Amino acid sequence: MIKLEDFVKIKDYKFKHINNNAVIYIDDINNVEPESIKQLLNVSKLPGLVGDAIAMPDIHWGYGFPIGCVACTNYDEDGVISPGGIGFDINCGVRLLRTNLEYNEIQKYKEKILDELFKEVPAGLSSESDIRLSKSEFKKSIIKGIKWALEEGYADKNDLNFIEDNGYKRESSFDYISEEAIERGKNQLGTLGSGNHFLELQIVDEIYDEEAAKRLNLFKDQVVLMIHCGSRGFGHQIATDFINLMLKVMENKYKIKVEDKQLACVPANSEEGKKYIYSMNLAANFAFINRQIITYKVRKVFKKLLNTKEVEIVYDISHNMATIEEYSYNSKKYKLVMHRKGATRALPPFHPSLPNEYKEIGQPVLIPGDMGRYSFVLVGTETAYKETFGHTCHGAGRIKSRNQAKKTINYNELIKELESKGISIRAASKATILEEAPQAYKDALNVVDIVHNANISKKVAKLRPIGVVKG
DNA sequence: ATGTGC
């Protein structure tokens with residue numbers, strides 16, 4: 001049984017378990033579902049954990065690990081890596097594009113822009129790309145990562161500076177990838193997918209931090225675009241393959257016992273651990289290219305309809321990923337396996353991995369909200385570096401299950417409601433729209449306010465959707 | 001999230 005009173009408030013918006021290495025950033029501990037707390041406590045018992053298993057205010061139930069969670073293990077002392085701590089959609093992430101246009105300059109072209117975006121960017125379950133590659137071309141492209149996109153003309157040279165890890169994971173390989181993964185991924189580059197993934201036309205609605213907004217080249221009433229998607233069937237198959245592999249060797253070969261089979265894991269420095277890391281990084285490359293090709297399509301549409309050449313990347317972040325990093329924790333140096341699942345990196349100002357343009361403000365944090373309300377831009381802080389291994393939340397989090405949403409929400413009413421707010425929809429499936437209705441989600445503003453008040457990231461801008469392309 | 005399953 002989960003006892004909520006076992007979590008004590010150690011400062012505003014932060015609760016720590018009295019016996020376990022688990023903390024939750026939340027306004028009120030009663031606002032967390034017991035199932036996801038149980039999952040967090042399971043994670044806190046993983047071999048080699050360093051510090052606490054950390055939950056963000058958008059925590060909700062997931063596969064093994066809760067979504068909205070950070071867990072770090074000690075690579076040098078057989079700390080584990082677990083695919084469930086990354087998620088099936090490896091390198092699911094968000095990219096924000098800015099234009100030099102104001103809302104009033106595009107208002108009359110809005111529907112046309114959405115038509116073209118919907119035509120150019122394949123969306124929906126099992127949607128396929130117009131880019132056809134042979135198996136060997138596909139392999140070459142994913143190994144090269146975003147550098148392939150640059151060579152092929154899908155990226156501008158400057159783009160790479162504004163993507164986390166420059167859009168390229170060097171430690172990647174096809175050696176441990178199944179034919180199935182290749183088959184599933186081969187024709188999916190530059191596709192949106194389904195579920196909560198989207199391409200939105202948005203307007204900068206409110207600026208909270210003028211200085212940081214200026215550095216990010218964001219201004220009120222500006223037209224921006226947000227891309228939320230990941231590694232499609234490719235990453236999904238890689239996750240599936242490695243969960244199966246780890247289930248086979250975890251107990252027999254490595255004598256690891258976990259609280260839940262879905263926490264299947266192996267030591268990160270083991271044979272299987274290293275194979276997973278190389279494969280996960282490959283899926284990460286896929287997702288970076290995926291968001292890059294969608295960017296290319298957006299640029300094409302804006303050039304064609306508005307003759308706008310300025311569509312620049314503000315930033316591109318991953319919220320489902322693990323990285324192996326040297327990190328100081330409690331004045332001790334570690335090589336950490338940092339699992340982040342539904343959590344966003346939020347590095348402080350002057351961190352060496354930030355682009356020069358953003359050095360003084362910290363790492364941009366992109367938080368997708370729901371299609372009817374808003375999304376957010378924040379920046380990382382020193383407090384995050386000290387308390388959360390440099391992380392913050394990733395989104396709103398569900399309150400209604402997909403089925404509940406489909407049963408209780410009326411499609412026509414929803415579309416009318418969105419229209420009345422000035423939001424137009426292009427979607428491959430009606431069911432997805434119902435599943436992703438604003439009513440199915442928590443208010444992202446509450447989530448963002450908690451991380452802001454806990455100082456693990458700072459609000460910079462609020463973005464409001466005016467057009468949504470979905471699967 | 002996902003060729004929406006073991």
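Letters A, B, ... mirror the listed sequences (proteins, then strands); counts begin at 1. Remember, predicted model here, so these are calculated numbers, not experimental data.
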Chemist: When the distance from CG of A/D241 to P of B/dT2 is rounded to whole Å, what number comes out?
Modeler: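 Distance, rounded to whole Å: 16 Å.
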Chemist: So A/G230, base contact, sugar-phosphate only, or nothing? Heavy-atom distance under 4.0 Å.
Modeler: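 The residue A/G230 makes no contact with any strand.
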Chemist: Over how many whole Å does the gap from A/Y63 atom OH to B/dT2 atom P extend?
Modeler: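 Computing the A/Y63:OH to B/dT2:P distance gives 17 Å.
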Chemist: Would you mind reading off the distance between A/I238 atom CD1 and B/dT2 atom P, rounded to a whole angstrom?
Modeler: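 After rounding, the reported distance stands at 14 Å.
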Chemist: Whole-Å distance between B/dT2 P and A/E128 CD?
Modeler: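 Taking CD of A/E128 and P of B/dT2, I get 14 Å after rounding.
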Chemist: Name the nucleic acid region contacted by A/S231, choosing base, sugar-phosphate or nothing; use a 4.0 angstrom heavy-atom cut-off, strictly under.
Modeler: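 It contacts nothing in the nucleic acid.
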Chemist: Given atom NZ of A/K470 and atom C1' of B/dT2, what is their separation to the nearest angstrom?
Modeler: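 From A/K470 NZ to B/dT2 C1': 15 Å.
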Chemist: Are A/K275 and A/F242 in a cation-pi setup, meaning NZ or CZ lies under 6.0 angstrom from the ring centre and within 45 degrees of the ring axis?
Modeler: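 Verdict for A/F242: no cation-pi partner in A/K275.
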Chemist: With nearest nucleotides of DNA chain B determined for A/C92 and A/E435 from heavy-atom distances, which residue corresponds to the more 5′ nucleotide?
Modeler: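 Its nucleotide being nearer the 5' end, the pick is A/C92.
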Chemist: Taking only the side-chain nitrogens and oxygens of A/R232, find out if one of them lies under 4.0 Å from OP1 or OP2 of B/dT2.
Modeler: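 Yes.
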Chemist: Going by the rule side-chain contact (heavy atoms from CB on, under 4.5 Å), which residues pair with A/D115 if we only count those two or more places apart in sequence or in a different chain?
Modeler: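 Applying side-chain contact (heavy atoms from CB on, under 4.5 Å) to A/D115 gives A/R426.
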Chemist: Could you tell me how far apart A/F88 (CZ) and B/dG5 (P) are, to the nearest whole angstrom?
Modeler: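 For the pair A/F88 CZ and B/dG5 P, the rounded distance is 12 Å.
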Chemist: Any ion pair linking A/K119 and A/E116 (charged N to carboxylate O, less than 4.0 Å)?
Modeler: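 Result for this pair is yes, salt bridge flagged.
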Chemist: Which donor-acceptor pairs under 3.5 Å do side chains of residues 462-471 of chain A form with protein atoms, sequence neighbours excluded?
Modeler:
from: A/K462; atom 1: NZ; to: A/E206; atom 2: OE1; distance (Å): 3.3
from: A/R464; atom 1: NE; to: A/D205; atom 2: OD1; distance (Å): 3.3
from: A/K470; atom 1: NZ; to: A/G195; atom 2: O; distance (Å): 3.0
from: A/K470; atom 1: NZ; to: A/H197; atom 2: O; distance (Å): 2.9

Chemist: Can you measure A/F234 atom CZ to B/dT2 atom C1' for me and round it to whole angstrom units?
Modeler: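 For the pair A/F234 CZ and B/dT2 C1', the rounded distance is 15 Å.
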Chemist: Nearest-Å distance, CD (A/Q262) to C1' (B/dG5)?
Modeler: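 The distance from CD of A/Q262 to C1' of B/dG5 comes to 13 Å, rounded to the nearest Å.
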